[in-house]
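Report on one structure; see the data block that follows.
Nothing here was measured: the structure is a model prediction, and the numbers come from that model. Throughout, protein chains are lettered first and strands after them, A, B, ... in sequence-line order, and every chain is numbered starting at 1.
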Amino acid sequence: MFKFIVKRVLLSLLILFFVMFIVYTLMYSLPTSYMEKTAREMASRPGNLKSYQEWLNELNAQYGMDKGLIPGFFTWLGSAVTGNFGDSWFWTKPVTTVFSESIWYSFALNVIALVIPVSVAIPLGVLAARKQYSLTDYSVTVFALIGISLPSFFLATILKMVFGIKLGWFETSGMQSRDYVTLDAFGKFLDVAWHFVLPAVNLCILSIGDLMRYTRTNMLEVLNADYIRTARAKGLAESRVINYHAFRNTLIPIVTMMGGWLAGLFGGSLITETLFGIRGIGYVSYNSMVNGDIPFTMFYLAFSALLTMIGTLLSDILYAVVDPRVRIN
Amino acid sequence: MKELHTNKRNSQEVVEHAKDNIQRSEHRAADDGTMRLDDSQRVKVLSPGALVFKRFVRNKLAILGVCILVSMFLFSFLCPVFYPYEQTRVFYKYDSVNANYGGVTVRQDFVNYTLDESVVVSDQAKLMLNAEIKKMQSAGETSATIDYDGLYVLEELGKYAYTLSKMAYEAAASFVPAGVVGTYDTISKNVVFNADDLGEEFRAAVEAAVDGKASSFTFQGEEYSVSLAKKFTYSVASTTSRIVYTDENLGEEFEALLGAAMENGEDTVIFNEQEYVLVPNDKGGVDASQVSGEQLALVSSVLVFDALEGVTISDAVKAQAMLNAYNGKAFQVEGASYKVSENAEGEMILEQDGQMIARMTNVAVRDSQGHDTLSLEFKKAAEAAVVSMNGEKKIDQTTFNFMMQRMEVSTNEAGQMVTIKAVDENGNPIMEDTTLLITRKTGMYEISCPQLRYLIDISGAPSKDHWLGTDANGMDNLSRMMYGGRISLIVGFIVVLLEIILGVIMGGIAGYFGGWVDTLIMRLVDIFRCIPSMPILIIMASFMEAQKVDTYVRLMYMMAILGFLGWAGIARLVRGQILSLREQEFMTAAEATGVRVRHRIFRHLVPNVMPQLIVTATSGLGGVILTESTLSYLGLGVKFPLATWGNIINTVTKTNENLIRYTYIWIPVGLLICLTVIAFNFVGDGLRDAFDPKMKR
């Protein structure tokens, strides 16, 4: 097992290295004029303290854009490994500060958007599989498919219109009310939580469908297995067959998916956060990318790649834990 | 040869026999309507394809999906053919808008009308005329003598008209008051004069006085004082005023008259029945000039002529009218007799041969282009409104009513919409009482009223012509929805095709060859699965945005990037399938019979991968459409002028107000996206179940 994990980790590091290289190559191949233009715009922003040349020199020192592709890559990798990502152009703060300011909002949002779908989707998926071809099954399937097919921006717009404008229960954008500063600590917490409701609902609806479908498919597969037939044949109660024999086996593939979710908790949701004005990592990175903030964009790309990598790695390890056959290969 | 012949005969026999059998069996079946065990019709053998089809058709959701997709394709690809509007056609309409109709100016600047071309007035005098008149008005004077490159006399004719005459004169004397005349520098031993140079002798006198440490000296009968102003510099001042004569000395009496005139602020001095004009000079005193005559040069006025319709008034008449505006005298210009008189309403009227031809006023009413095209009645009404605005209480906005001819939209011979003035069946103009709004602006008053204008039909509500209204660019929404669907579907298909081509090639190679090739390709797949595709799409899009890449080129790039980033999943699937298929008996058989590698891959392996590939591709199409619409929604995908579902929603949901107002646009479009993606998923699920019935027990 230890050997398996070490092997997977090393492999992941190798893959991550190449992903970083591709990401760097992409940034490297942006025309110099674009970089210069962006640096010039940055230098002319109000409240900016650095000159155009300073911005550009800083970028070159950080990313080695003035060197060749390979030496440049190692320059960047060297500083990235030590946690030095430079100053964000758009936010005019160190990249790591911007990151640590925004990441916990995303984390909070994603925890809600993980717990609720899991607690709703798994029971519903099991139910649908148990009563295959029933009305329940069809409605669950159709609902799941609608959830998968809804564009996040469309759902967000509908939520904004219904709950934000027509009913007026929530604000359509932003994280704080006008009177935020006058509130006490608990009031502040409630205020922010209130603003998180709509984005959380948006994320939940979008992710419930997928999980429900996955649970249903796995449950169906398990229910068709021979050992379930055996369990039924020996006269076990149906509830015990479903809840004990079948459900636990259904969980195996779901548990392996958890690796991806754990990593995804930090991932942020680009569209939802942007549309609802939640200053999480998704919102911050979207604005950075659109505004040509190269330092933060590089960081975000590296961060996303790392998250995906960790997610895959966790999934692999969990799978190996659950299913010993995997370890041998 | 013989063998072949036998074979042929044999096959013929077989065929005939079979035919016979079928006929017999049909005959028997027809006999009693039942089937027997040896009935060839009894067992229907379906091809695998037909089996899949049958299973697929039985799935209600899949059929629903197919129906939705077919209607979506018809909507996007067929409907635009019959729909009358293009996606980028801009629609116009005539609509009543409150537009600028004209302006009223209360004239403040005096305009010059030349009376006598032969009298040359200096540019400086013309330039300063307005300022001088204002000065006179504020001082309450009726006449003034001004000196701008020559002497001129400005005289008031009435409130709104002044004349300028050029004086013929001869300088007689100049009064120089007491005061500093210059400074003396002890180093250069030179005198710097403030005004007139008094010459070398004066300099010598100053030098002598300074050298002799005297505080005063006398030069040409005048007494001057010398005092130390600063180091090495003395100021030299005359202690008495003096009069410098140009020609002859006019004597004590003249000087007394001059002093009295200056004290009283008078402009003229009469001495010896000669008139002398006093004009301030640059030495702080006055110059007295002997006037020999005056010539009338020009008349300057703020009055404008509101002529009756069809009457034009020449500049010469205008000038004469100004000149005689206040004296009531008749005048002749080019054989016609004119007269300015006052009517009952207290207005100044210009009459030609006893007939009124124009009204003279200081309030100019002009149309929105600044031309004098408005009727006299309208001008009067507007002037009355302006006067009422400047009553005891100043108001900034008021309205007045005026009967104006109605404007109508009509179609001309060329089939174009034009506005015409409305007339009734007898050809008489249809007048309607129009309320005009008059607003005070800087230096003028603006008149506005509802007018028919040719406008772009922006954000039009749903109507007979545009079932879903028009968008912010005046383009038909329904048409853009159709073309948007076209783009979305095309993007989906091309991207999925790209993914499949790349995925099948890479996965096929990896799966078939195995070994290090497999390892290499699978690591590449791992790498590609790790690349965050949405951020990269956004970065590339914002980069292309900054570089102002053409919309169509952007579309190509977007499809290429989407395809390039999405092949990894398909490669993995194909490779997995091929790995398991490779071990099966039919492949061993194929290898044993010496089938070529190419055939083995493309005739035996790939067709067996097809089911999974079709299922993945169908579900993937939905995903690509979602990605594309999200990008377009963010303004980073397909851009204007091309329409896509994403950017249609984006344009109408930017503000909360629009969000509510344009629900009839964005909800249908959003549902279209949703339906299309659901339909692809339904069909994908249906296909999967049909291909692999084991799952559907």
Side-chain angles (χ1 to χ4, degrees), chain A residues 11-12 14-16 18-19 21-23 26-27 30-31 33-34 37-38 132 138 141-142 145-146 148-155 157-158 160-161 164-166 172-173 213 217 220-221 223-224 267 270-271 274-275 285-286 289-292 294 297 300-301 303-309 312, chain B residues 60-61 64-65 523-524 526-543 545-547 619 622-623 625-627 629-630 633-636 645-646 649-650 652-653 656-657 659-660 663 666-667 669-671 673-682 685 694-697:
Chain A
L11 195 61
S12 298
L14 184 74
I15 290 169
L16 196 61
F18 281 106
V19 173
F21 184 67
I22 289 177
V23 166
L26 199 75
M27 281 291 153
L30 288 181
S33 62
Y34 177 66
K37 197 176 130 205
T38 319
Q132 200 186 2
Y138 271 115
T141 313
V142 169
L145 273 175
I146 290 176
I148 296 169
S149 315
L150 267 176
S152 54
F153 63 89
F154 182 52
L155 181 60
T157 316
I158 290 177
K160 274 185 181 184
M161 186 186 75
I165 303 173
K166 292 266 180 191
T172 50
S173 180
R213 237 158 78 105
T217 317
L220 275 181
E221 208 167 324
L223 283 179
N224 285 320
L270 225 89
I271 313 293
T274 309
L275 289 189
S285 55
Y286 174 75
M289 288 185 285
V290 170
N291 290 295
I294 290 165
T297 305
Y300 182 66
L301 286 175
F303 178 68
S304 309
L306 184 72
L307 275 187
T308 321
M309 204 64 254
T312 321
Chain B
K60 281 176 209 144
L61 285 182
L64 179 66
R523 290 296 85 80
L524 203 60
D526 281 341
I527 290 171
F528 267 84
R529 286 169 70 87
C530 236
I531 291 179
S533 56
M534 197 65 182
I536 288 194
L537 281 167
I538 293 177
I539 295 164
M540 292 324 273
S542 54
F543 162 66
E545 180 88 50
Q547 302 291 93
S619 309
I625 289 175
L626 270 186
T627 313
S629 60
T630 305
Y633 173 79
L634 293 173
L636 298 168
W645 289 337
I649 295 189
N650 177 33
V652 294
T653 55
N656 286 347
E657 191 201 352
L659 195 83
I660 291 294
T663 39
W666 66 264
I667 290 189
V669 176
L671 288 179
I673 302 176
C674 204
L675 273 180
T676 313
V677 180
I678 288 181
F680 275 122
N681 278 324
F682 278 165
D685 279 7
K694 272 182 289 174
M695 279 301 296
K696 219 181 132 110
R697 264 177 298 182

By a 4.5 Å heavy-atom criterion (distance strictly below it), what part of [X] contacts chain B: side chain, backbone, both, or neither?
X: A:Ile148; value: both
X: A:Ile22; value: side chain
X: A:Leu270; value: side chain
X: A:Leu145; value: both
X: A:Ile146; value: both
X: A:Thr297; value: side chain
X: A:Leu11; value: side chain
X: A:Ile165; value: side chain

Segment of [X] engaging chain A (4.5 angstrom heavy-atom cut-off):
X: B:Thr663; result: side chain
X: B:Tyr633; result: side chain
X: B:Ile649; result: side chain
X: B:Asp685; result: side chain
X: B:Ile625; result: neither

Could you tell me whether a side-chain N or O of B:Ser542 sits under 3.5 Å from a main-chain N or O of A:Met289, the two making a donor and an acceptor?
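The answer is yes, because a donor-acceptor pair under 3.5 Å joins these two groups.
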
So does B:Leu659 get a backbone contact from the side chain of A:Lys160, meaning a donor-acceptor N/O pair under 3.5 Å?
no

Go through the structure and list residues passing side-chain contact (heavy atoms from CB on, under 4.5 Å) with B:Leu675, not counting sequence neighbours.
B:Ile68, B:Met72

Around atom CZ of A:Phe18, are there more than 12 heavy atoms of other residues, nucleotides or ligands at under 6.0 Å?
no

Would you call B:Arg523 and B:Asp526 a salt bridge, using N to O less than 4.0 angstrom?
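Result for this pair is yes, salt bridge flagged.
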
How far apart are the closest heavy atoms of [X] and [Y], and which atoms are they?
X: B:Pro532; Y: A:Ala305; result: CG-N, 4.3 Å
X: B:Pro535; Y: A:Leu301; result: CB-CD2, 3.6 Å
X: B:Phe682; Y: A:Val142; result: CZ-CG2, 4.2 Å

